[in-house]
Amino acid sequence: MGQSGLTGFFDRYLEAKSIFRNKAVLQSAHIPQAVLHREKEIGAIAGILAPSLKKEKPSNLFIYGKAGSGKTLSMRHVAAELEMHADANNIPLKIVYLNCKLKRIADTEYRLIAQLARDYGKSIPPTGLPTDEVYKIFHQAIDSNSCVNIIILDEIDQLVKKAGDEILYNLTRINDELKNAKISIAGISNDMVFLDALDPRVKSSLSEEEIIFAPYNALQLQDILSERAREAFTENALEQGVLEKCAAYAAREHGDARRCLELLRVAGEIAERNSSSSIGISHLDAADEKIERDRLMIILTTQPKQSQATLYAIVSIGISSKASIFTGDVYELYKTVCSRIGLRPLTQRRVSDIIAELDMLGIVNVKVISKGRYGRTREIALSVPSTTTPRMKKILEESLNL
DNA sequence: GTCAATTCACATGAAAGAGACCACGGTCTAGTG
DNA sequence: CTAGACCGTGGTCTCTTTCATGTGAATTGACGA
């Protein structure tokens with residue numbers, strides 16, 4: 001019977017010794033006890049925020065550095081310690097952490113302020129109220145006691161890109177209107193040039209203090225990895241050279257520790273699924289490929305239909321001809337695709353933007369070129385290996401019911 | 001041959017509209033005492 | 001009399017269209033050597 005076979009499988013699954021001891025340690029949400037190789041930065045942050053313990057307003061702080069360089073981790077680490085000290089000594093201090101990238105939570109002015117107000121115990125409807133009303137509520141909530149408030153805005157560049165820098169201006173200016181409380185803002189950004197694009201008034205007040213996080217190098221990544229791996233895996237689960245290779249992989253991609261940990265975790269999962277007792281280099285390679293494939297798959301299937309149709313047009317042209325792909329050709333094919341699947345075609349203006357969005361997602365590579373007398377256009381190239389394009393096409397065909 | 005003007009095929013920006021979602025206050029309606 | 005249903009108004013948010021302006025080098029054509 002199939003059923004008993006399955007029972008056998010589950011039995012064996014339960015019996016097999018897992019190579020994981022605690023998988024959560026490798027998840028990006030995990031906050032480790034000690035933050036390695038960031039002593040200097042943590043010291044700097046602590047120094048800047050420390051005045052809050054004396055009920056003084058700390059300087060606004062701006063942190064930037066590449067993805068996975070420990071910015072958020074360090075900031076949260078300091079915040080947690082600070083809160084602990086404040087608690088222990090009865091100092092009125094409140095720290096709010098907000099990730100501005102989270103869709104539908106804090107990616108517009110209204111939502112950001114509403115979310116902040118909610119953190120102060122007010123209930124704000126998701127929409128329907130005028131924005132200045134929400135400001136007023138937030139203002140009252142914060143000013144009701146004389147407390148120092150530190151607001152950590154993670155991925156602040158995303159917020160500004162979507163909603164403009166007026167929010168930051170308003171936020172930094174709230175201080176002038178507060179009678180009791182004080183607000184400090186700590187912005188975290190991946191984007192190095194983000195500050196330059198800001199309104200100079202906002203820029204000067206937001207970046208009273210600046211801290212730059214350099215990417216981890218391979219050796220530091222190795223340290224971090226081995227520290228986490230010791231907790232995450234059982235003994236002898238890692239074969240020789242795996243950690244080194246993993247660190248080298250990530251160091252190549254600008255020292256992203258988050259990606260590094262993910263790689264190790266997925267490699268572990270693959271090893272376990274193959275009922276292997278340890279993680280080898282081959283698992284690492286498989287993991288690298290799987291992560292890339294999964295990422296692509298998620299992006300493809302979660303895109304709106306219009307983007308899928310556009311991408312389908314690009315992929316089709318890319319497969320059928322070796323020559324460069326231009327916006328005009330894509331749009332023509334896109335229109336026929338639309339009529340075939342009964343989709344109302346968008347204007348070229350919009351499709352142009354969609355192509356730019358696909359570029360942002362890293363599926364295609366776009367370069368604006370001028371062909372002289374023959375106009376200006378985007379030169380589009382698929383940024384996935386040509387071996388995966390047929391599969392991409394198939395996935396898109398299914399998703400679009402072609 | 002040289003050089004400035006022209007021209008193409010879009011890119012890029014700004015503004016505004018459509019439609020979905022929501023809160024709030026006023027009005028209407030049916031049920032209850 | 002009152003709770004709940006049902007508008008109308010005014011707000012946000014996202015996606016899109018419309019209109020306007022910008023752009024960079026191949027091409028063209030006038031000009032001079």
Side-chain angles (χ1 to χ4, degrees), chain A residues 98-118 121-141 155 158-171 193-194 196-199 299 301-314 317-318 321 323-339 341-361 363-381 399-400:
Chain A
L98 222 61
N99 189 330
C100 305
K101 204 175 80 179
L102 294 176
K103 287 237 155 141
R104 292 166 206 292
I105 294 188
D107 57 348
T108 69
E109 178 168 21
Y110 179 94
R111 296 216 259 247
L112 179 83
I113 304 299
Q115 189 58 38
L116 284 175
R118 277 185 212 116
K122 301 282 174 186
S123 76
I124 308 278
T127 166
L129 251 51
T131 306
D132 49 344
E133 189 73 22
V134 183
Y135 261 111
K136 226 181 286 169
I137 296 172
F138 172 61
H139 192 279
Q140 281 167 4
E155 315 223 25
Q158 301 285 328
L159 175 70
V160 171
K161 205 190 299 167
K162 269 204 71 181
D165 51 12
E166 211 166 307
I167 312 167
L168 297 181
Y169 180 65
N170 291 338
L171 220 46
V193 294
F194 154 77
D196 299 331
L198 282 180
D199 186 310
I299 291 177
T301 49
T302 55
Q303 283 300 298
K305 285 274 178 282
Q306 300 286 7
S307 303
Q308 289 185 3
T310 311
L311 188 57
Y312 177 76
I314 295 173
I317 296 177
S321 85
S324 311
I325 311 169
F326 299 115
T327 308
D329 308 335
V330 172
Y331 186 62
E332 283 308 309
L333 184 56
Y334 159 82
K335 274 198 294 193
T336 64
V337 169
C338 279
S339 69
I341 61 177
L343 202 64
R344 195 175 56 85
L346 302 174
T347 53
Q348 180 153 344
R349 174 73 186 81
R350 178 64 188 132
V351 172
S352 176
D353 277 349
I354 288 179
I355 293 173
E357 282 162 22
L358 292 174
D359 180 38
M360 293 283 286
L361 288 169
I363 308 177
V364 298
N365 240 318
V366 158
K367 209 167 64 187
V368 177
I369 56 160
S370 175
K371 293 191 291 173
R373 185 64 201 273
Y374 303 108
R376 225 163 100 89
T377 183
R378 281 200 172 93
E379 193 180 44
I380 306 164
S399 175
L400 290 168

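Remember, predicted model here, so these are calculated numbers, not experimental data. Every chain is numbered from 1, with letters handed out A, B, ... down the list of sequences.
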Worksheet entry | Atom pair OG1 (A:T310) and CG (A:D353), whose distance is rounded to the nearest 0.5 Å | 11.0 Å
Discussion item. By the 4.0 Å heavy-atom rule, please label A:Q348 as base, sugar-phosphate, or nothing.
Written reply: sugar-phosphate
Worksheet item: To the nearest Å, how far apart are A:K136 NZ and C:dG11 P?
Response: 13 Å
Worksheet item: Nearest 0.5 Å, what's the CG-CG distance between A:L171 and A:L168?
Response: 7.0 Å
Discussion item. Tell me the interatomic distance from A:L112, atom CG, to C:dT12, atom C1', rounded to whole angstroms.
Written reply: 15 Å
Worksheet, complete the sentence: Closest heavy-atom pair, A:R378 versus A:V368, reported as atoms and distance to 0.1 Å, is CG-CG2, 4.2 Å
Fill in: Gap between atom CG of A:L159 and atom CZ of A:R111 - 0.5 Å precision
11.0 Å
Worksheet entry | Heavy-atom closest pair, residues A:Y334 and A:V351 | CE2-CG2, 3.6 Å
Worksheet item: At what distance, to the nearest 0.5 angstrom, does CG of A:D329 lie from CD1 of A:I317?
Response: 5.0 Å
Worksheet item: Are OP1 or OP2 of C:dC13 and a side-chain N or O of A:T108 less than 4.0 angstrom apart?
Response: yes
Worksheet item: What is the distance, rounded to the nearest whole Å, between atom CD1 of A:I354 and atom P of B:dC10?
Response: 16 Å
Worksheet item: Given atom CZ of A:R111 and atom C1' of B:dC22, what is their separation to the nearest angstrom?
Response: 12 Å
Worksheet entry | Between CD on residue A:E133 and OH on residue A:Y110, distance to nearest 0.5 Å | 9.5 Å
Response to the item:
Whole-Å distance, A:K305 NZ to C:dC15 P, equals 15 Å
Worksheet item: With respect to the phosphate group of C:dT17, does any side-chain polar atom (N or O) of A:R350 fall under 4.0 Å of OP1 or OP2?
Response: no
Discussion item. For a quick test of reading the model, state the closest non-hydrogen atom pair linking A:I113 to A:F138 and the distance between them.
Written reply: CG2-CB, 3.9 Å
Worksheet item: Is there a donor-acceptor contact under 3.5 Å from the side chain of A:Q115 to the main chain of A:C100?
Response: no
Worksheet item: Quick one: A:L343 CG to C:dT16 C1', roughly how many Å, whole number?
Response: 13 Å
Discussion item. Using a 4.0 Å cut-off on heavy atoms, which residues in residues 324-332 of chain A reach DNA chain B? List them by number, or say none.
Written reply: A:T327, A:G328
Worksheet item: A:Q303 and A:S399: side chain to side chain contact (heavy atoms under 4.5 Å, CB included), yes or no, with the steps?
Response: CA-CA 10 Å; A:Q303 283 300 298; A:S399 175; over 6 Å; no
Practice prompt. Write down the distance between CD1 (A:I113) and P (C:dC13), rounded to a whole number of angstrom.
Written response: 11 Å
Pairwise N/O distances under 3.5 Å, protein to nucleotides 12-15 of chain B:
| from | atom 1 | to | atom 2 | distance (Å) |
| --- | --- | --- | --- | --- |
| B:dT12 | OP2 | A:R378 | NH2 | 2.4 |
| B:dT12 | O4 | A:R349 | NE | 3.4 |
| B:dG13 | N7 | A:R349 | NH2 | 2.8 |
| B:dG13 | O6 | A:R349 | NE | 2.8 |

Worksheet item: Rounded to the nearest 0.5 Å, what separation is found between the CG atom of A:L400 and the OH atom of A:Y312?
Response: 8.5 Å
Worksheet item: Tell me: CD of A:Q115 to C1' of C:dT12, nearest whole Å?
Response: 16 Å
Give me, pair by pair, the N or O atoms of the protein and of nucleotides 26-29 of chain C that are less than 3.5 Å apart, along with how far apart they are.
| from | atom 1 | to | atom 2 | distance (Å) |
| --- | --- | --- | --- | --- |
| C:dA26 | O4' | A:R373 | N | 3.1 |

